[in-house]
Amino acid sequence: MAHIKVINPNTARAMTETIGRCARAVAAPATVITAVSPAMGPASIESHYDEALAVPGLLAEIAAGERDGVDGYVIACFGDPGLHAARELAAGPVVGIAEAAMHAATLVGSGFSVVTTLSRTVGRAWHLAREYGFGAACRGVHACDIPVLDLDDPASDARKVVAELCASALEADGSDTIVLGCAGMADFCTEVSRDLGVPVIDGVAAATKLVESLVALGLRTSTRGEYAHPLPKRYSGLLHDFTI
Ligand code: 2AL
């Protein structure tokens, strides 16, 4: 039985519940999914500043997961904040939803489009596509300009706007696969996929299944070199509790 901790690095509890539901929907019956938000951090992550300040809370959740014997982790924010630092702390695999979704997209299509939230997040998505080696497979990144916390507002037509943007992105980019660029879009996936008739990838589901597979394969993060445990040293001020 695998225990996977899915960390939504923002503090929006309703979004964490949706993320947990979407992870459980694809996990094997014997897999235990714990979905959490950190105790501290931004309400949503839509800038580099938000990302940087989401990382301490995320790392505290990884450290707590290690004490609890968690087998693997999903970082459920499309900027994959703190991914490499989390890998240094965790024994088991840590997978970000952007990297999981982009990997999955290149296995089922020849070129993908990313549909993200605010325009200011477009650069981050491109940066990650290139960092992960998918600079050529990523054909375009499109912003719906809906703030993260408005995605699940029942009064908003976010689902419709995102679906229409996915359709126009396929045309504009000549792509054949869609990557949803926010964890808050996780529960749009089935419907948008049915509407478009192409693979639509939610990174929360993709990362959950990837971590589950890696745990089943007995694979853990390498501790040789870059991902070795961080060196013990003093952390001061507000970061005192992060001292290793
Ligand atoms: C995200 C996400 O996945 N969670 C969050 O708070 N912001 N991504 C995004 N593109 O805005």
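Starting from 1, each residue takes its place in the sequence as its number. As the structure lists them, so they are numbered: ligands from 1, and atoms in each ligand from 1.
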Non-hydrogen atoms closer than 4.0 Å to ligand 1: which protein residues do they belong to? List them by chain and number, please.
N10, M15, S44, I45, C77, F78, T116, T117, T121, V148, G181, C182, A183

Looking at E99 and R87, is there a salt bridge between them, counting it only when a charged N and a carboxylate O are closer than 4.0 Å?
yes

Atom pair CG (L128) and SG (C138), whose distance is rounded to the nearest 0.5 Å:
10.0 Å

Can R159 and D187 be counted as an ion pair, charged N to O under 4.0 angstrom?
yes

Could you tell me if the side chain of I201 sits less than 4.5 Å from the side chain of V108, heavy atoms only?
yes

Is it true that V95 and I97 fall in one hydrophobic cluster, defined by side-chain heavy atoms closer than 4.5 Å?
yes

Tell me whether R124 is salt-bridged to E51, with the criterion being a basic N under 4.0 Å from an acidic carboxylate O.
yes

